[in-house]
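These notes concern the structure reproduced below.
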Amino acid sequence: MTTTTSSENPAGAAKAAGSIYVLAAHPHWRDSRVNRRLFAASQRVPGVDANDLYGTYPDFAIDVEVERERLARADLVVLLHPIQWYSMPPLQKLWLDDVLGYGWAYGPGGTALQGKDCWLVATTGGPEPSYHPQSYNRYFFDAFLPPYEQTAALCGMRFLPPLLLHGARRASEAEVAAHVEVFVQRLESYPVWPEMDELDACIACPVPETDRPTESDDVNKLVAGAFHNAMTHGLAVANGSTHSTNNKAA
């Protein structure tokens with residue numbers, strides 16, 4: 001899979017080029033039945049900037065500035081991936097950790113993403129009935145959405161109703177084709193979706209200054225201090241043991 005940025009919509013649609021940023025994260029594209037087709041389809045939609053995270057960052061070294069530039073151009077951010085262990089693939093999580101920084105995406109001054117939309121497009125291996133209190137996944141699938149919802153909310157984004165395909169491994173060709181078609185139609189028609197008017201604006205989640213994460217310099221000082229104390233204590237213990245041994249030998 002490769003990273004592709006689509007060209008500007010020649011028809012002059014309401015969306016400008018790059019107004020949709022699709023973040024596709026699949027660790028094993030060769031084994032993908034559905035996500036691979038969804039990603040390929042997104043690359044053909046005008047106005048979509050489609051990024052294969054595992055193809056772009058095989059060494060997991062994410063270019064934060066480039067990613068923030070792509071986000072700045074987007075009105076809709078699409079998280080496209082399979083659900084793995086009730087969450088997102090590791091590189092997608094690392095992308096969140098690195099890119100959505102304090103003071104940029106959230107917290108005081110962190111307004112870069114406010115007013116944008118976030119849309120989860122995901123597949124599951126288990127069929128929909130497996131996400132039930134009486135089945136092996138034990139919860140309805142909605143129980144696994146709060147981390148996505150709150151991530152969007154903390155950044156001032158509106159979390160749109162997810163597009164899900166359960167039981168992706170066993171879905172019929174007709175089901176997969178229909179799912180891809182719905183996905184493309186959504187991308188092409190954004191933001192003119194029937195349910196948009198019924199969605200509430202995102203609830204503000206201001207982070208107070210008192211909850212500010214420890215600065216990296218402070219962390220380094222703490223680590224250095226702890227190391228110094230440990231070494232000092234270790235040397236003292238070692239010297240005491242040596243002194244005691246010498247006394248016994250004398």
Next item on the list: Please name all residues satisfying side chain to side chain contact (heavy atoms under 4.5 Å, CB included) with Pro146, sequence neighbours left out, ordered by chain then number.
Entry: Glu149

Next item on the list: Please check if the side chain of Ser135 supplies one atom and the backbone of Tyr131 the other of a donor-acceptor pair under 3.5 Å.
Entry: no

Item checked: side chain to side chain contact (heavy atoms under 4.5 Å, CB included) between Leu80 and Trp119, worked out -> CA-CA 8 Å; Leu80 171 64; Trp119 188 34; over 6 Å; no

Next item on the list: Walk me through it: do Leu120 and Phe159 pass the test side chain to side chain contact (heavy atoms under 4.5 Å, CB included)?
Entry: CA-CA 8 Å; Leu120 173 65; Phe159 187 73; 4.1 Å; yes

Notebook entry, point to check: Considering all heavy atoms of both residues, which atom of Leu154 and which atom of Tyr106 are nearest to each other, and what is their separation?
Noted result: O-CB, 3.4 Å

Checklist line | Pairwise ring pair (Phe, Tyr, Trp, His ring centres under 6.0 Å) hits with a residue in residues 62-85, at least two apart | finding: His81-Tyr148

Item checked: Closest non-hydrogen atom pair between Ala153 and Cys202, with its separation -> CA-SG, 3.5 Å

Next item on the list: For His132, enumerate each residue passing the ring pair (Phe, Tyr, Trp, His ring centres under 6.0 Å) test, keeping only those at least two apart in sequence or located in another chain.
Entry: Phe140

Item checked: Rounded distance [0.5 Å steps], CG in Leu71 versus CZ in Arg73 -> 9.5 Å

Next item on the list: Find out whether Lys116 and Cys155 are in side-chain contact, i.e. whether some heavy atom of one side chain is under 4.5 Å from a heavy atom of the other.
Entry: no

Checklist line | Closest non-hydrogen atom pair between Gly126 and Tyr136, with its separation | finding: CA-OH, 3.7 Å

Item checked: Pro127 and Arg170, any side-chain heavy atoms less than 4.5 Å apart -> no

Notebook entry, point to check: Measuring from Thr123:OG1 to Leu38:CG, what's the distance to the nearest 0.5 Å?
Noted result: 8.0 Å

Notebook entry, point to check: Sub-3.5 Å donor-acceptor pair from the side chain of Arg33 to the main-chain atoms of Ala171, do we have one?
Noted result: yes

Check: Is there a side-chain contact between Glu67 and Leu23, using heavy atoms and a 4.5 Å cut-off?
Finding: yes

Item checked: Results of side chain to side chain donor-acceptor pair (under 3.5 Å) for Gln92 - residues two or more places apart only -> none

Note to self: Could you report the tightest heavy-atom contact between Tyr21 and Ala74, atom names first, then the distance?
What the structure shows: CB-CB, 3.7 Å

Notebook entry, point to check: Mind checking what makes side chain to side chain donor-acceptor pair (under 3.5 Å) contact with Tyr86, not counting sequence neighbours?
Noted result: Asn137

Notebook entry, point to check: Going by heavy atoms in the side chains, are Leu160 and Met196 under 4.5 Å from each other?
Noted result: yes

Check: For Asp97, what residues pass the salt bridge (charged side-chain N to carboxylate O under 4.0 Å, His left out) criterion, not counting sequence neighbours?
Finding: Lys93

Check: Do the side chains of Met88 and Leu96 get nearer than 4.5 Å, heavy atoms only?
Finding: yes

Note to self: Just to verify, what does Thr124 make a side chain to side chain donor-acceptor pair (under 3.5 Å) with, not counting sequence neighbours?
What the structure shows: His166

Check: Is there a side-chain contact between Val45 and Ile20 (heavy atoms, below 4.5 Å)?
Finding: no

Checklist line | Distance in Å, Asp31 CG paired with His26 NE2, rounded so as to fall on 0.5 Å steps | finding: 7.0 Å

Notebook entry, point to check: Taking it one step at a time, do Ile83 and Phe144 satisfy side chain to side chain contact (heavy atoms under 4.5 Å, CB included)?
Noted result: CA-CA 10 Å; Ile83 298 297; Phe144 303 104; over 6 Å; no

Notebook entry, point to check: Any sub-3.5 Å donor-acceptor pair from Thr56's side-chain atoms to Leu53's backbone N or O?
Noted result: no

Item checked: Arg68: partners by salt bridge (charged side-chain N to carboxylate O under 4.0 Å, His left out), with sequence neighbours left out -> none

Next item on the list: Output, in order, the C-alpha distance, side-chain angles, deciding distance and verdict of side chain to side chain contact (heavy atoms under 4.5 Å, CB included) for Trp193 and Leu199.
Entry: CA-CA 11 Å; Trp193 294 0; Leu199 296 176; over 6 Å; no

Just distance, no hydrogens or angles: give the donor-acceptor pairs under 3.5 Å from side chains in residues 178-186, sequence neighbours left out.
from	atom 1	to	atom 2	distance (Å)
Glu181	OE2	Gln185	NE2	3.3
Arg186	NH1	Glu195	OE1	3.4
Arg186	NH1	Glu195	OE2	2.5
Arg186	NH2	Glu195	OE2	3.4

Check: For Ser172, what residues pass the side chain to side chain donor-acceptor pair (under 3.5 Å) criterion, not counting sequence neighbours?
Finding: Glu175

Note to self: Could you measure the distance from the CD1 atom of Ile62 to the CG atom of Leu94? Nearest 0.5 Å is fine.
What the structure shows: 4.0 Å

Next item on the list: Verify the neighbour count for atom OH of Tyr139: are there more than 12 heavy atoms of other residues, nucleotides or ligands below 6.0 Å?
Entry: no

Notebook entry, point to check: Any side-chain heavy atom of Trp95 sitting closer than 4.5 Å to one from Pro89?
Noted result: no

Item checked: salt bridge (charged side-chain N to carboxylate O under 4.0 Å, His left out) partners for Glu198, two or more places apart -> none

Check: Which atom pair, heavy atoms only, marks the closest approach of Leu79 to Cys118?
Finding: CD1-SG, 4.1 Å

Notebook entry, point to check: More than 12 heavy atoms of other residues, nucleotides or ligands under 6.0 Å from CD of Gln84: is that the case?
Noted result: yes

Item checked: Minimum heavy-atom distance Asp63-Tyr57, with the two atoms named -> N-CE2, 3.4 Å

Next item on the list: Evaluate the side-chain proximity of Tyr102 to Asp211: yes if any heavy-atom separation is below 4.5 Å, no if none is.
Entry: no

Check: If you look only at pairs with a residue in residues 153-162, which of them pass as a side-chain hydrogen bond (donor to acceptor under 3.5 Å, both in side chains), with sequence neighbours excluded?
Finding: Asp117-Arg158

Checklist line | Test item: Ser32 side-chain N/O and Trp29 main-chain N/O as donor-acceptor pair under 3.5 Å | finding: no

